Amino acid sequence: MSEAERRARAERLAALRATGADPYPASIGAVMPLAGVRERWDALDAAALEATPERVAVAGRVMAIRSFGKLVFFTLRENGATLQLSFRKPELDPETLATLGLVDVGDFVRSEGVVWRTRTGELTVGATSVRVIAKCLHPLPEKWHGLVDVEARYRQRYLDLLVNEEARRIALVRSRTVTAMRSFLDGRDFLEVETPVLQPLYGGAAARPFTSRFEAYDQTVYLRVSDELYLKRLVIGGLDRVYEIGRDFRNEGVSRKHNPEFTMMECYQAYADYEDMMELVQAMVQHVVAGVMGGTRLVFREQEIEFGGVWPRVSIRDALLEKTGVDVLAAPDFATLRARVLEKGLDPGEAPTWGQLVDQLFSDHVEPTLVQPTFVTNHPVELSPLAKRSTEDPRLVERFELFVAGMELANAFSELNDPADQRARFDEQRLAAAAGDQDAHPLDEEFLLALEHGMPPTGGLGLGIDRLVIVLTDAQHIREVLLFPYMRPEGA
RNA sequence: GGGCGCGUAGCUCAAUUGGCAGAGCAAGGGACUCUUAAUCCCUAGGUUCGGGGUUCGACUCCCCGCGCGCUCACCA
């Protein structure tokens with residue numbers, strides 16, 4: 001039983017203390033990283049190591065103990081690297097021998113010894129000392145199967161990271177993805193900024209917010225659903241190229257590609273339009289894929305995805321015409337479009353307006369088919385209240401979405417900078433809200449005041465980091481790429 | 001929120017129509033100076049998610065609750 005095992009470990013902890021040792025010391029002295037030990041001695045064979053014996057100090061977590069009576073092996077792990085320790089009991093001093101008997105799998109130890117190679121060729125530190133530098137009071141998950149239980153993996157992610165190599169790999173890819181993205185944007189003279197998470201009014205995306213209470217001011221506040229309206233204020237203020245990487249929060253359902261809090265990269269570039277953002281996002285994702293994965297292609301759910309070259313673009317109208325046979329621009333009002341959809345034997349669903357019906361048709365019939373990187377352009381103005389109207393067709397806007405693996409990865413437009421048009425769009429949103437659209441954008445007078453001071457023509461882009469990492473790691477679920485996905489509390 | 005499924009030892013999993021809750025790893029004791037899923041012998045380990053019900057008897061069947069998964073809805 002675990003209680004017995006915990007007690008046994010606690011007793012060994014007490015025994016360690018009884019020897020006068022501190023089982024949780026603050027400082028342990030210099031040690032060489034295990035990867036460094038490997039780097040330095042891996043090329044030498046047993047004879048060469050014996051000819052020039054060198055002492056080294058190492059530290060790490062004990063992942064396995066194999067005892068042969070007078071000879072004991074530890075597998076030590078530190079920062080992703082492993083190294084074997086050996087102890088020849090007859091050669092140890094009494095204190096070291098006593099401490100050795102009090103080490104459990106999971107403990108952190110520090111040892112010193114001479115580097116040698118066993119008969120099986122394993123690089124090993126022949127330890128002559130051992131010191132427990134942090135005690136582990138629980139048994140680790142089983143070494144062969146690892147931790148399988150999904151709930152336990154998320155609730156105790158540290159165990160998942162410890163025993164499941166895949167969890168560690170995803171965490172590394174995610175970190176490197178963000179690093180590569182930063183270096184790309186920094187290289188293009190973008191300035192990294194931070195805007196409020198806690199907002200008196202939310203905006204920038206069609207989404208339901210989380211609400212909270214600011215007690216000191218006795219006011220309702222919202223967790224941001226997007227950074228957009230604040231980043232634009234910075235462009236208005238002359239910070240011509242800005243980006244932010246941060247959490248957005250949307251009070252909506254969860255799915256394998258939706259989590260209530262997720263990480264978004266948004267960037268804005270003055271004197272640019274959506275076509276410039278197309279070039280930017282393509283170069284940025286290619287930079288990330290090359291830097292993190294090496295190369296231009298990867299496999300996602302058994303399909304090869306090629307990130308190299310120039311990505312194709314298709315308008316929403318053309319894509320829908322191809323997949324459904326319906327020309328949405330030739331059906332300019334809701335009733336006509338709905339009739340066409342029914343004629344084709346398709347399900348028009350519950351969509352209440354022309355724009356939302358277009359959106360639904362796209363989600364149902366086009367989105368899942370966009371496996372290779374593809375730009376989809378020219379969205380209905382109704383769905384894009386912050387984007388500049390197309391000069392060719394006032395029903396459409398200068399916007400694109402990037403799809404990969406059937407998922408929207410990025411969204412960009414030529415930003416609407418005409419304050420009169422922006423006010424009109426907010427008014428339309430207000431009507432939509434009155435008609436029951438819970439995701440409509442609220443009117444933001446302060447944002448309009450900023451726009452009235454003049455915003456240069458600007459291209460803006462938002463990219464979902466979690467989704468990009470899903471694609472890069474071939475993850476089955478967005479939770480796999482989040483270190484701590486939301487879990488209901490146990491036994492509530 | 002709806003539907004379907006799952007919850008057994010610290011971990012990974014068994015348990016026949018409803019009939020004595022088991023194994024491996026981990027743990028405790030012992031043997032072993034080259035293992036790396038070490039091996040061999042012995043031992044211990046359970047509120048079968050929680051509560052209620054049916055029954056001579058419930059891990060198993062029924063009801064309620066909790067948690068998790070899949071899926072639909074909502075939603076970028």
Side-chain angles (χ1 to χ4, degrees), chain A residues 1-9 11-12 46 63-77 82-91 101 104-106 116-124 126 136-156 159-160 162-164 204-209 225-226 248 250-260 262 264 349-350 356 359-360 362-363 367 376 379 383-384 401-403 406-411 437-439 462-464 466-467 476-479 485-492:
Chain A
M1 176 182 182
S2 96
E3 269 314 304
E5 188 154 342
R6 275 209 63 189
R7 198 157 46 239
R9 285 171 180 252
E11 281 166 11
R12 284 189 285 276
M63 299 304 289
I65 297 176
R66 295 177 293 280
S67 169
F68 294 83
K70 297 191 180 70
L71 180 66
V72 178
F73 293 104
F74 282 8
T75 298
L76 211 59
R77 190 176 167 87
T82 61
L83 188 69
Q84 179 166 272
L85 298 187
S86 65
F87 296 88
R88 294 175 195 279
K89 282 186 177 177
E91 298 169 22
D104 289 301
V105 171
W116 66 295
R117 209 174 271 285
T118 65
R119 272 178 220 156
T120 53
E122 180 84 20
L123 192 70
T124 302
C136 175
L137 294 172
H138 294 269
L140 261 31
E142 203 227 15
K143 59 191 168 190
W144 187 240
H145 297 90
L147 186 63
V148 171
D149 179 65
V150 178
E151 185 177 349
R153 286 184 47 230
Y154 296 151
R155 287 195 196 278
Q156 295 181 279
L159 294 178
D160 189 32
L162 213 49
V163 300
N164 294 330
R208 227 168 301 175
V225 299
S226 149
D248 288 344
R250 297 187 184 175
N251 206 341
E252 293 160 356
V254 300
S255 79
R256 57 162 58 182
K257 50 184 179 177
H258 295 87
N259 195 69
F262 61 102
M264 180 89 102
E350 308 286 309
Q356 288 183 50
D359 190 40
Q360 186 181 313
F362 183 83
S363 299
E367 186 170 322
V376 174
H379 297 63
L383 300 175
S384 317
E401 291 176 305
L402 169 63
F403 287 87
M407 279 191 300
E408 182 201 344
L409 223 59
N411 178 27
D437 183 353
Q438 290 185 287
D439 305 315
L463 183 145
D466 314 271
R467 288 184 176 183
Q476 293 303 303
H477 201 291
I478 194 169
R479 279 190 299 256
Y486 186 81
M487 288 273 148
R488 285 191 178 87
E490 271 175 306

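Reminder, nothing fancy here: chain letters follow the sequence lines and each chain counts from 1. What you see is a predicted model, and the numbers here were worked out from it, not measured in a lab.
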Integer-rounded Å distance: B:C25 P and A:E5 CD: 14 Å

Side-chain N or O of A:K143 closer than 4.0 Å to phosphate OP1/OP2 of B:A26: yes

Electrostatic pair A:K257-A:E367, nearest N-O below 4.0 angstrom: yes

A:L147 side chain reached by A:L159 side chain, heavy atoms, under 4.5 Å: yes

Integer angstrom distance from the C1' of B:U17 to that of B:C42: 38 Å

Could you run down the sub-3.5 Å N/O contacts of the protein with nucleotides 70-74 of chain B?
unit_1	atom_1	unit_2	atom_2	d
B:C70	OP1	A:R479	NH2	3.4
B:C70	OP2	A:R479	NH2	2.9
B:C74	O2'	A:R208	NH2	3.2
B:C74	O2	A:G253	N	3.2

Touch class at under 4.0 angstrom, heavy-atom based, for A:G462 against every strand present: nothing

Sugar-phosphate only, base, or nothing, as touched by A:D149 at under 4.0 Å among non-hydrogen atoms: sugar-phosphate

Euclidean distance, A:L409 CG relative to A:L463 CG, rounded to 0.5 Å: 5.0 Å

Nearest-nucleotide 5' precedence on RNA chain B, A:R88 against A:V105: A:V105

Phosphate-side-chain proximity, A:R12 and B:G28, N/O vs OP1/OP2 below 4.0 Å: yes

Heavy-atom neighbours of A:E350 CD exceed 12 at 6.0 Å: no

Candidates B:G10, B:G28, B:C13 - which lies nearest the side chain of A:P139: B:G10

Residues that A:F362 engages under ring-ring contact (aromatic ring centres under 6.0 Å, His included), provided they are two or more places apart: A:F403

Only distances under 3.5 Å count here; give the side-chain donor-acceptor pairs of residues 69-77 of chain A to other protein atoms, sequence neighbours excluded, each with its distance to 0.1 Å.
unit_1	atom_1	unit_2	atom_2	d
A:T75	OG1	A:R66	NH1	3.2
A:T75	OG1	A:R66	NH2	3.3

Touch class at under 4.0 angstrom, heavy-atom based, for A:A207 against every strand present: sugar-phosphate

Distance below 4.0 Å between A:R155 side-chain N/O and B:C68 OP1 or OP2: yes

Sugar-phosphate, base or nothing in reach of A:T118, heavy atoms under 4.0 Å: base

Within-4.5 Å side-chain heavy-atom neighbours: A:M264 and A:S226: no

Sugar-phosphate, base or nothing in reach of A:E142, heavy atoms under 4.0 Å: base

Rounded distance (Å) that lies between atom C1' of B:G10 and atom CD of A:Q156: 10 Å

A:E91: partners by salt bridge (Lys or Arg N to Asp or Glu O under 4.0 Å), with sequence neighbours left out: none

Length of the CZ-P vector between A:R7 and B:G10, whole Å: 13 Å

Any A:R66 side-chain nitrogen or oxygen under 4.0 Å from OP1 or OP2 of B:U35: no

Nearest-Å distance for atom pair CG/C1', residues A:D466 and B:C75: 15 Å

No-hydrogen, no-angle side-chain donor-acceptor test under 3.5 Å, A:H138 and A:E5: no

A:F68 ring over B:C32 six-membered base ring, under 5.5 Å and 30°: no

Separation of B:U35 P from A:F73 CZ (nearest whole Å): 7 Å

Check: protein-nucleotides 1-6 of chain B nitrogen or oxygen pairs below 3.5 Å:
none

Partner set under salt bridge (Lys or Arg N to Asp or Glu O under 4.0 Å) for A:R153, not counting sequence neighbours: A:D160, A:E480

Contact nearer the 5' end of RNA chain B, comparing A:F362 with A:T124: A:T124

